[in-house]
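All remarks here apply to the structure that follows.
Below, chains carry the letters A, B, ... as their sequence lines are ordered, and counting in each starts from 1. As a basis for the values below, the full set of heavy atoms in this structure was taken, side chains included, without hydrogen atoms, waters or symmetry mates.
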Protein chains: 2
Amino acid sequence: MNIGNASEKSGLPPKTIRYYEDIGLLKPDRADNGYRDYSMSDVHKLKFLQRSRGLGFSVEECRQLLALYEDKERASSDVKSIARTKLKEIDRKISELRELQHTLQHLVAHCHGDQRPDCPILENISGTADA
Amino acid sequence: MNIGNASEKSGLPPKTIRYYEDIGLLKPDRADNGYRDYSMSDVHKLKFLQRSRGLGFSVEECRQLLALYEDKERASSDVKSIARTKLKEIDRKISELRELQHTLQHLVAHCHGDQRPDCPILENISGTADA
DNA sequence: TGTAATGTTTCCAGTAACTGGAAGGTCAAG
DNA sequence: CTTGACCTTCCAGTTACTGGAAACATTACA
């Protein structure tokens, strides 16, 4: 599959896909004409990168997560340890998103342009009050 | 409150806090000695920025979200419309995090170093299978 | 009260993660 | 057989920080 097709399927621009190859996240085959040739597995990885980057994981974290799948030599305990660390981060991110969701719902429901300086929205948004 | 203190309370490095001021996200007072002086409201905003940046919102999106609070002149319908758009994104992010969570839990529970090339983990991670 | 450590300032340069554009090769359609 | 869409590499620009230097402010302690 050519890069344009992989781009559509993954949601990542071709530029970004080439960049990910440059930094060694992905090594697609090359066709005889020099074009990159993406397998379904490559596309899965790209889609995964598209998602996890959008969720605030750094490229290096994504590299670790991909390695969980790719590094078949890695000891089981290592895999589990990294996965558990990421699971904690994911829990935290979900909680924070829920609080933000709550706050915005409140904003939509109750604040109709007449916010005063003491509007408690920001306290809630910032997670410093009991939202 | 000095920048070091604001840094501790918000979780953002002083460098980043100054950068956010440079790009106009925040305008703390200045003390007589020239030091930045952060109010509790400023700290709330910083903490909010720390969170929402970590959740994959761009600086411009954060600016919009902060503006929901700050721009008291903005019409109610505008506020609600922006908030609703963000709420949809938040829903999506939460779903994606849940899927990633699911996949990693599966990895911790079942894949003990013997993943074969056909291991369905990546399909799940990338959200292209029914996870 | 001196002085050393710590904290703050600005400025400028470097990094991470893209993003845009030029110059040129490839391919499918008419 | 050429036009247009797609691909290649390379190099420069952008976003969002991050590190370091030089100088001024504050605090801590003998």
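What separates CD of B/Glu60 from P of D/dT14 is a distance of 15 Å, to the nearest Å. Residue B/Asp37 contributes atom CG, which lies 10 Å from atom P of C/dT9 at whole-angstrom precision. C/dG7 atom P lies 14 Å from atom CD1 of B/Ile17, rounded to whole Å. Regarding B/Met1, its CE atom lies at a distance of 12 Å from the P atom of C/dT8, rounded to whole Å.
In this structure, the side chain of A/Asn2 does not engage the main chain of A/Gly4 through any donor-acceptor pair within 3.5 Å. For B/Asp37 (side chain) and B/Arg30 (main-chain N/O), no donor-acceptor pair under 3.5 Å exists by modelled atom type.
Contacts of A/Ile23 with the nucleic acid, taken as non-hydrogen atoms under 4.0 Å apart, are absent.
The pair A/Arg63-A/Glu60 meets the salt-bridge criterion, since a charged nitrogen lies less than 4.0 angstrom from a carboxylate oxygen.
Look at B/Arg18 and you won't find any side-chain N or O under 4.0 angstrom from OP1 or OP2 of D/dT18. Taking only side-chain nitrogens and oxygens, B/Asn2 comes nearer than 4.0 Å to OP1 or OP2 of C/dT8. For D/dC7, the OP1/OP2 oxygens have no side-chain nitrogen or oxygen of A/Arg36 closer than 4.0 Å. A sub-4.0 Å separation between OP1 or OP2 of D/dT9 and a side-chain N or O of A/Arg30 is present. The phosphate of C/dC18 (OP1 or OP2) has a side-chain N or O of A/Tyr20 nearer than 4.0 angstrom. In this structure, A/Thr16 reaches the C/dT19 phosphate: one of its side-chain N or O atoms is under 4.0 Å from OP1 or OP2.
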With the sugar-phosphate defined as primed atoms, P, OP1 and OP2, and the base as all remaining atoms, what B/S/- string results for nucleotides 20-27 of chain D, 5' to 3', for protein heavy atoms under 4.0 Å? B----BS-
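In this structure, A/Lys93 NZ and A/Leu100 CG are separated by 13.0 Å, a value rounded to the nearest 0.5 Å. Note that CD of A/Glu96 is 11.0 Å distant from CG of A/Asp91, once rounded to the nearest 0.5 Å. Here the straight-line distance linking atom CD1 of A/Ile17 with atom CG of A/Leu25 works out to 12.0 Å at 0.5 Å rounding. The line from OG of B/Ser7 to CE of B/Met1 is 11.5 Å long, rounded to the nearest 0.5 Å.
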